[in-house]
Amino acid sequence: MYPIWLLYPAAAIYGILFLLPTITSLYYSLTRWTLFNSEFIGFDNFIQFFQEPFLYQALINTVIFAFVTSGLKVVLGLALAVLLTSPLIARDFLRSVVFFPVLVSTVGVGITFTILMHPTEGVINETLAMIGIDGPGWLVDRNLALYSVALVDVWRGVGLATVIYIAGIVSIPADYYEASRIDGATRWQQFRHITLPLVRPAMFTVIILSFIGGLRLFDLIWTMTKGGPGFSSDVMASVVYKQYQSGFYGLSTAGNVVLFVLIAVLAVPLNMFLNRKVVTR
């Protein structure tokens, strides 16, 4: 036990940086506001927000994007972590290479891949043409644009997932692997019965962080497609930004509240389920 007053500094920071902005956002979502004045209008902003013609498509895109990116990060991050914790030449250098995209500006990554994925002059399609493959319109095809941005987000974020996995793997006692080798276990058996069960806490952390990041992602999508072509790659965050850009500040604030509720509804039960798995394991 320790004195309760030790919690006060953290509680104050939490209240100022999270609770106060949240309450303020809830209030302004019920108003028609500008920089200098506001008018209380009740739930009109929410009613208008849910009447947006492409909101349903943006909602579906948001969920699809979150599941695709988080799923790939979980699987690829684990595969890379297993590789980068095995005896390799220049292992530390390879770890740095994998983590490097995390340090690069998201806007810079978006601009770079927009150029690389150009349908006629991009390096990717020109490389495919050299081996006789007609490259697709990565960012101009309505059926591919969202998934193209998702692949770029996976490339940018898989390094963080890999680092979390590496931390989980290196914390596993080496005695377990030595005992399994004495018993004649293969590498696959070691991975299945030792690495995979004991790295689950790290895996659950990657799932939660990647899923929440996918639900709220905006900057990469806006840099690469601006929600296009048409509205095919619009997500909730880009819809909110378009409303703010058009001067509907109260409406965009209501959209932010809806996005916050969406993330809470999806992420909180998932987090509770995963934590229960860790406790009961």
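Owing to the predicted nature of the structure, the values given are computational and were not obtained by experimental measurement. Below, each value reflects all heavy atoms present in this structure, side chains not excepted, and no hydrogens, waters or symmetry copies.
Put simply, the side chain of Asp153 never gets that close to the backbone of Val149: no donor and acceptor are under 3.5 Å apart. Remark: side-chain polar atoms of Ser233 are paired, donor with acceptor, to backbone N or O of Gly228 under 3.5 angstrom. Between the side chain of Ser96 and the backbone N or O of Asp92, at least one donor-acceptor pair lies under 3.5 Å. Without hydrogens or angle criteria, Gln189 side chain to Thr186 main chain gives a donor-acceptor distance under 3.5 Å. Under a 3.5 Å cut-off, the side chain of Ser238 and the backbone N or O of Asp234 do not form any donor-acceptor pair. Counting only distance, with no hydrogens or angles, the side chain of Thr62 and the backbone of Met236 share a donor-acceptor pair below 3.5 Å. Asn125 places no side-chain N or O within 3.5 Å of a backbone atom of Met117 that could act as its donor or acceptor partner.
Residues forming a salt bridge (charged side-chain N to carboxylate O under 4.0 Å, His left out) with Glu121 (at least two apart in sequence, or on another chain): none. Judged as a side chain to side chain contact (heavy atoms under 4.5 Å, CB included), and not counting sequence neighbours, the contacts of Leu160 are Phe99, Val102, Ile164. Applying the side chain to side chain contact (heavy atoms under 4.5 Å, CB included) rule to Val240 yields the partners Phe49, Ser252, Asn256; only residues at least two apart in sequence or on another chain are considered. Taking Tyr177 as the reference, nothing meets the ring-ring contact (aromatic ring centres under 6.0 Å, His included) condition, with sequence neighbours excluded.
Following chains of ILVMFWY side-chain contacts shorter than 4.5 Å, one cannot reach Leu144 starting from Leu139, and the two form parts of different hydrophobic clusters. Under a hydrophobic clustering in which Ile, Leu, Val, Met, Phe, Trp and Tyr are joined whenever their side-chain heavy atoms come within less than 4.5 Å, directly or via other members, Ile115 and Met224 fall into different clusters. The cluster map of Ile, Leu, Val, Met, Phe, Trp and Tyr, joined by side-chain heavy atoms under 4.5 Å apart, puts Tyr241 and Val239 in different clusters. Connection of Phe65 to Val107 is not established within any shared hydrophobic cluster, with ILVMFWY side chains joined at heavy-atom distances below 4.5 Å, either directly or through further cluster members. Val235 and Ile263 end up in different hydrophobic clusters when Ile, Leu, Val, Met, Phe, Trp and Tyr side chains are linked at under 4.5 Å.
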>> Using side chain to side chain contact (heavy atoms under 4.5 Å, CB included), reason through Ile212 and Ile208 one step at a time and then give a plain yes or no.
In response: CA-CA 6 Å; Ile212 293 176; Ile208 292 297; 3.8 Å; yes

> Would His193 and Ser180 count as a side chain to side chain contact (heavy atoms under 4.5 Å, CB included) if you check the C-alpha gap in whole Å, the side-chain angles of each, and the deciding distance to 0.1 Å?
Replying inline: CA-CA 10 Å; His193 298 290; Ser180 66; over 6 Å; no

> What's the verdict on side chain to side chain contact (heavy atoms under 4.5 Å, CB included) for Phe50 and Leu55, showing C-alpha distance, side-chain angles and the deciding distance?
Replying inline: CA-CA 7 Å; Phe50 283 108; Leu55 179 64; 3.7 Å; yes

>> One pair to check against side chain to side chain contact (heavy atoms under 4.5 Å, CB included): Leu59 and Leu262. What are the steps and the verdict?
In response: CA-CA 9 Å; Leu59 177 61; Leu262 173 66; 3.7 Å; yes

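Taken to the nearest 0.5 Å, the OG1 atom of Thr120 stands 8.0 Å off from the CD atom of Glu126. Taking CD1 of Ile207 as the start and NZ of Lys73 as the end, the distance is 13.0 Å to the nearest 0.5 Å. Taking CH2 of Trp138 as the reference point, atom CG of Asp141 lies at 10.5 Å (rounded to 0.5 Å). Arg91 CZ to Leu94 CG: the interatomic distance, rounded to the nearest 0.5 Å, is 10.0 Å. Note that CG of Leu215 and OG of Ser70 are 8.0 Å apart. Values are rounded to the nearest 0.5 Å. Taking CG of Leu266 as the reference point, atom CG of Asn271 lies at 12.5 Å (rounded to 0.5 Å).
Between Leu7 and Ile4 the shortest side-chain heavy-atom distance falls below 4.5 Å. Contact of the Leu196 side chain with the Met203 side chain is registered, since non-hydrogen atoms from C-beta on lie closer than 4.5 Å. Thr31 is not listed as a side-chain neighbour of Tyr249, based on a closest heavy-atom distance of 4.5 Å or more. The shortest side-chain heavy-atom distance between Trp155 and Val109 falls under the 4.5 Å cut-off. Side-chain contact between Arg200 and Phe204 is present, with at least one heavy-atom pair separated by less than 4.5 Å. A 4.5 Å side-chain heavy-atom check between Leu72 and Val158 finds every atom pair outside the cut-off.
Atom OH of Tyr176 sits in a sparse spot, with 12 or fewer heavy atoms from other residues, nucleotides or ligands closer than 6.0 Å. Within 6.0 Å of the CG atom in Asp183, the count of heavy atoms belonging to other residues, nucleotides or ligands exceeds 12. By the 6.0 Å contact criterion, CD1 on Ile131 is enclosed, its count of non-hydrogen atoms from other residues, nucleotides or ligands being greater than 12. Within 6.0 Å of CZ on Arg192 lie no more than 12 heavy atoms contributed by other residues, nucleotides or ligands. More than 12 heavy atoms of other shown residues, nucleotides or ligands fall within 6.0 angstrom of atom CZ in Arg181.
Between Phe211 and Phe67, the ring center distance clears the sub-6.0 Å criterion.
When all heavy atoms of Trp33 and Ser38 are compared, the closest pair comes out as CB-CB, 3.6 Å. Among all heavy-atom pairs drawn from Arg142 and Ser232, the shortest one is O-CB, 3.5 Å. Closest heavy-atom contact between Leu6 and Pro9: O-CD, 3.4 Å. Contact detail for Thr253 and Ser29: the closest heavy-atom pair is CG2-N, 3.7 Å. Between Thr69 and Gly214 the shortest heavy-atom distance is OG1-CA, 4.1 Å. Pairing each heavy atom of Gln243 with each of Leu251, the nearest pair is OE1-O, 3.6 Å.
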With a cut-off of 3.5 Å and sequence neighbours excluded, list every side-chain donor-acceptor pair involving residues 74-88.
{"from": "Thr85", "atom 1": "OG1", "to": "Ala81", "atom 2": "O", "distance (Å)": "2.8"}
{"from": "Thr85", "atom 1": "OG1", "to": "Val82", "atom 2": "O", "distance (Å)": "3.1"}
{"from": "Ser86", "atom 1": "OG", "to": "Leu83", "atom 2": "O", "distance (Å)": "2.5"}

N/O donor-acceptor pairs under 3.5 Å from side chains in residues 14-27, not counting sequence neighbours:
{"from": "Thr22", "atom 1": "OG1", "to": "Phe18", "atom 2": "O", "distance (Å)": "2.7"}
{"from": "Thr24", "atom 1": "OG1", "to": "Leu20", "atom 2": "O", "distance (Å)": "2.8"}
{"from": "Ser25", "atom 1": "OG", "to": "Pro21", "atom 2": "O", "distance (Å)": "2.9"}

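Using the six-membered ring where Trp is involved, Phe231 and Phe54 have ring planes that are parallel, under 30° apart on the 30 and 60° scheme. Ring pair Trp222/Phe218 is parallel by interplanar angle, where below 30° counts as parallel and above 60° as perpendicular.
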